[in-house]
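Accompanying notes for the structure given below.
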Amino acid sequence: MPPFDEIPLIDNHVHPPFMAEAAAARPFLSYFSEADGEELIERHVPHSRFFRRALRELAELLDCEATAEAVQAARTALGPETLLRRCVEAGNIAAFVVDDGYPPPDQALSVADIAQAAGCAAARVLRLESLVASVATEHGGINGFDAALLAGLEQARRQGTKALKSIIAYRCGLAFSVPERETARAGLVEVHLRCRAGDARVTDARLLYHALALALDFAGEHGLPVQIHTGYGDRDLDLLGANPALLRGLLENPRFARVPVVLLHASYPYSRAASYLAAMYANVFVDFSEANPMLPAAELARVIDELLGLAPPTKVLYGSDAWGIPDWLYLGARHGRLALAAALDGDPDAAVIARRVLYDNAAELYGFRER
Ligand SMILES: [Zn+2]
């Protein structure tokens, strides 16, 4: 039995799988890379260590040959719901924290669908920038914008949203500071016009930082954690602006000190910076989604070792960033447990630390009931 398999895990960061038709419309290979260039996907991804390892492990799970064709056929025969259930059971996954801001909701299972198909708890995360885009389309005046943004947050909370998430790293970078009201107002005027013209990808730091400040206040008031994308991601990310050390303007502001902040993706390759921040600020946590399951075994173990270097084990969370296909859930559970075991090799507290990282920290943070 793989190490720590007996400890159920809570996946701190996942996205819904596509529904069958939408899943089939994308090349299978594209799920194993953050890149979107055809040449990269077709020519190089088949040779990536992540894809090769995934094929072997999925073939074992699905009891088929370890070729892309055989694995794909076995998956398609099951369909997304049954495959999801199998991945969850084989991965001993107890609960998910789901960002349904991607894929587009009309192409993917809902949070409720996921909970039902998987037979486990699923907490929804609201993606702030999606709400900002819809509110800025409706409101060109800052007072109306603020009221509608807060109303949207409150409605989501009442409907069961357990955390907020921000992707400012993708849009304008992590060097957050609270803008003057006049500055935010000027930002909104431009964003409103652009949204009206059909461009919903808001990148204006003046408005996004203003909205994030409001969202942080709201989260603090209601005890909701705020997840922040840090480190690597899709190609539209400027990696230099995704270093979590840039968050100093947020972390040093006493106004936000009681908001639990979760740095996503191990901030890779800035994992040591993330560990440092989690060690220095009581409200900062870090997960290792996306790095898990993408990075090869030794590199992932190194990253987890780095996270647990300065940050106490009460600050580090398991995650997979499963997206588009449920297979990632299983690959994450497997790679994540193996890498955690390698990182903790020889540590007499290994079992206690593993339970904290895999389950307890997320259960406390998002309010999942003990099992
Ligand atoms: Zn994600």
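Both ligands and their constituent atoms are indexed starting at 1 by order of listing. Keep in mind that the numbers below use all heavy atoms, side chains included, and drop hydrogens, waters and symmetry copies.
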[X] N/O/S atom closer than 2.8 Å to the Zn ion (ligand 1):
| X | result |
| --- | --- |
| D321 | yes |
| H15 | yes |
| H229 | no |

Salt bridge present between E60 and R56 (N-O < 4.0 angstrom):
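A salt bridge is absent here (no side-chain N lies under 4.0 Å from a carboxylate O).
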Do NZ/NE/NH1/NH2 and the carboxylate oxygens of D236 and R201 come within less than 4.0 Å?
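The answer is yes: the pair qualifies as a salt bridge.
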Considering only N, O or S atoms of H13, the one closest to the Zn ion (ligand 1)
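Output for this pair reads NE2.
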Exercise: identify the closest heavy-atom pair between C120 and F96
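Taking C120 first and F96 second, the nearest heavy atoms are SG-CE1, 3.5 Å.
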Within the side chain of H15, is there an N or O that forms a donor-acceptor pair under 3.5 Å with the backbone of W323?
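Such a contact is absent between H15 side chain and W323 backbone.
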